[in-house]
Structure formats: C-alpha cells, structure tokens
Amino acid sequence: MKTKLKKLIMCPGIPRSGTTSLWKMLYDSKIVEGLYKEFHYLSIMHNHNYDPIYPLELFESHKKYIIHQNQKIGLSQPYNFDNYLSYLNSQANPSDFSQSYFLLPENYLRKINENLRDHFDIKIILIYREPIQRLISYINMLHYGAGCFGIKPKEKNDLFLDYVNNPKMQTLYKDVKDKFERVFENVICLTTEHFFINQQKQLELKKFLEVSEIKPLSKPQNVGNFNFELHNNYIELANTKLKESIDFYTTLLP
C-alpha cells in the first residue's frame, strides 16, 4: 500500500491580496504551523528578481534580511533542496506562503515540483485581489519596505506606469494561474474580496485541503493604509492596460 504523503500547503501570492489573513486563518485552525508565514527559501535559491518594478537594491537588501531571519528558525546556508525538505519535514503541518514565488519561472517551478512531489502532497493556493487596488497597495508596500532599508525608489506614480505599461504585468493574473496549473496537480484560486465573507468559498477550500474545519478569521491581518493619490488619468489607463487581468479576475467572482 502506498504511504500517504504529508500535506504541504503553498501560497505563492499574489502579494497584497490577503495572503497574511489566509495564513492566520489556517494557522488558527491548526492547518499550518511555524514561526513565520514566509521565508522565501526557494527564491533565494534561485537568486533572481523577476519583478520588473521591484528595485534591485531593495531586492538585495531584503534578501540579506530574510537570510538573517531564517537563521533564527534553523534555515541556515547553504540553501538547497535537501535543507528545505529537512525543514519542512520537521513540522507536522508544513506550509510556505512566500510571496516572492508568484513570479518564479515555469522551468524552476518544475524543478521545485520534481524535488518535492515524492515527499509531499502539494496544495497550491492562489489568492487574487482586484488588480488596480492590489497594484496601488503593492507599490506603496514597496515604498514602505524601501524606506526601512534607507532606499529611495522611483516615485509611486512612475512605478505605477512602469507596471501597467509592461506586457508581462498586463497579463499577470491568468499567466500565474496557467503556469502553476501546468506544473502542479492541485491548484485552487480564491479572491480576497469574497473568500473571507463567503461561506461557500471557505467550504471549497476546506474540501480542497481535505480538512475538517477552517475557523472564521477573527480580524483582517496586515491591512495597512497602502494607498496613494494617482494622477487623474492613471486609473483610466490601468483599466485599459490591465484589461486581461481584470477580465480574468471577474471570472473568479461568485
């Protein structure tokens, strides 16, 4: 008889879409465990910044910070699959909600799957948010993070334009889903605006994860006031440039 594999829940994003609230919900339900929600181990192994608007100097500073934090939970260098597997196996209910994974290239995702699939039953959760509001929040988060490291990135409006004018970012939402579905066997898509208030969606996740209970979230996590004032015509431009992602997002709504 084939031995049942330990479950590994991975949520690679999309950033600023309620991933912290989702992790807290599953943590309170004892479905996941661990000191940290995300440790970016696989991204550090890959060692490449694929986000075209993420400042390179912030990427390097953040990587050093993450490596230092990971040492506190036993994730020391060298970074390799054997040590990653060892860390995950040390937990009864392992998870990895690292938000840097959503842009990892498909060939590297295949390598990840090849190294994990014989050890874990991998469950991938993708959670989405309305694209323009998510982008506004994401850019403000970048600015906040840059300030913590003493880095001055481009102005927020300029970063916004860089994003909406980048062809890779314009089709991001569906591309991420398609990429993960081509690589992994079990993938579910949620929307932050509806999942946390929609009991049916929560039941779907419970069935997907094969758990008996998911407790309601007591309060939203990591909300913050990540907004900024855009030039008047930028929203109109984003509605046009991000149309493919907006259209895909609407297909996920109840």
Side-chain angles (χ1 to χ4, degrees), residues 10-22 38 43 48-55 59 97-109 124-143 145 153-184 186-198 201 204-205 208 220 222-224 226-254:
M10 302 185 76
C11 179
I14 291 176
R16 300 307 304 165
S17 296
T19 57
T20 304
S21 291
L22 177 61
E38 51 191 303
S43 292
H48 193 82
N49 178 17
Y50 273 87
D51 189 334
I53 70 169
Y54 202 94
F59 170 77
F97 275 54
S98 300
Q99 298 305 282
S100 56
Y101 295 171
F102 77 114
L103 284 178
L104 289 175
E106 185 170 334
N107 62 341
Y108 186 61
L109 291 179
I124 303 290
I125 305 173
L126 297 173
I127 184 164
Y128 292 87
R129 179 182 175 187
E130 191 283 318
I132 298 175
Q133 290 303 312
R134 187 206 73 86
L135 176 57
I136 291 171
S137 181
Y138 183 58
I139 289 173
N140 216 1
M141 180 192 71
L142 291 185
H143 259 254
K154 287 184 179 180
E155 295 298 325
K156 295 176 184 178
N157 280 268
D158 293 334
L159 284 174
F160 187 89
L161 283 181
D162 285 349
Y163 189 106
V164 300
N165 285 315
N166 188 295
K168 181 178 179 180
M169 297 294 100
Q170 291 168 1
T171 60
L172 174 70
Y173 275 27
K174 186 175 185 299
D175 290 348
V176 169
K177 171 182 176 290
D178 290 347
K179 175 176 62 177
F180 276 89
E181 286 187 340
R182 284 193 296 266
V183 175
F184 296 96
N186 296 305
V187 180
I188 190 172
C189 295
L190 309 173
T191 60
T192 188
E193 290 90 347
H194 301 89
F195 169 75
F196 296 103
I197 60 173
N198 188 309
K201 290 296 180 182
E204 289 178 16
L205 181 62
F208 175 76
N222 195 25
V223 177
F226 287 124
N227 290 305
F228 61 92
E229 186 175 347
L230 280 169
H231 294 160
N232 292 334
N233 59 337
Y234 282 21
I235 295 294
E236 183 178 348
L237 176 67
N239 275 309
T240 300
K241 296 281 190 175
L242 302 182
K243 185 177 186 304
E244 288 193 48
S245 282
I246 293 170
D247 288 347
F248 169 74
Y249 169 78
T250 61
T251 67
L252 300 177
L253 302 181

Handout entry: Polar side-chain atom of H143 near backbone of K154 as donor-acceptor pair, under 3.5 Å
Key = yes
Handout entry: Heavy-atom side-chain proximity of L230 to I136 below 4.5 angstrom
Key = yes
Handout entry: Flag if over 12 foreign heavy atoms under 6.0 Å of NZ, K179
Key = yes
Practice task
Please check if the side chain of N239 supplies one atom and the backbone of I235 the other of a donor-acceptor pair under 3.5 Å.
Solution key: yes
Problem - Lys/Arg-Asp/Glu bridge criterion (N-O < 4.0 Å) met for R182, E106 - result: yes
Practice task
Give the minimum heavy-atom separation between F196 and G18, together with the two atoms involved.
Solution key: CZ-O, 3.6 Å
Problem - Main-chain N/O of L161 paired with N165 side-chain donor or acceptor, under 3.5 Å - result: yes
Handout entry: Among Y173, Y249, F195, the one residue meeting ring pair (Phe, Tyr, Trp, His ring centres under 6.0 Å) with Y128
Key = Y173
Problem - Check: Q170 side chain, L242 main-chain N or O, donor-acceptor pair, under 3.5 Å - result: no
Handout entry: Short N-O contact, R134 and E130, less than 4.0 angstrom
Key = no
Practice task
Take T191 and N198, measure what side chain to side chain contact (heavy atoms under 4.5 Å, CB included) needs, and give me the verdict at the end.
Solution key: CA-CA 10 Å; T191 60; N198 188 309; over 6 Å; no
Problem - Side chain proximity check, S21 to T192, heavy atoms < 4.5 angstrom - result: no
Handout entry: NZ/K174: more than 12 non-hydrogen atoms of other groups inside 6.0 Å
Key = no
Practice task
Please state whether the rings of Y234 and H231 are parallel, tilted or perpendicular, taking 30° and 60° as the class boundaries.
Solution key: perpendicular
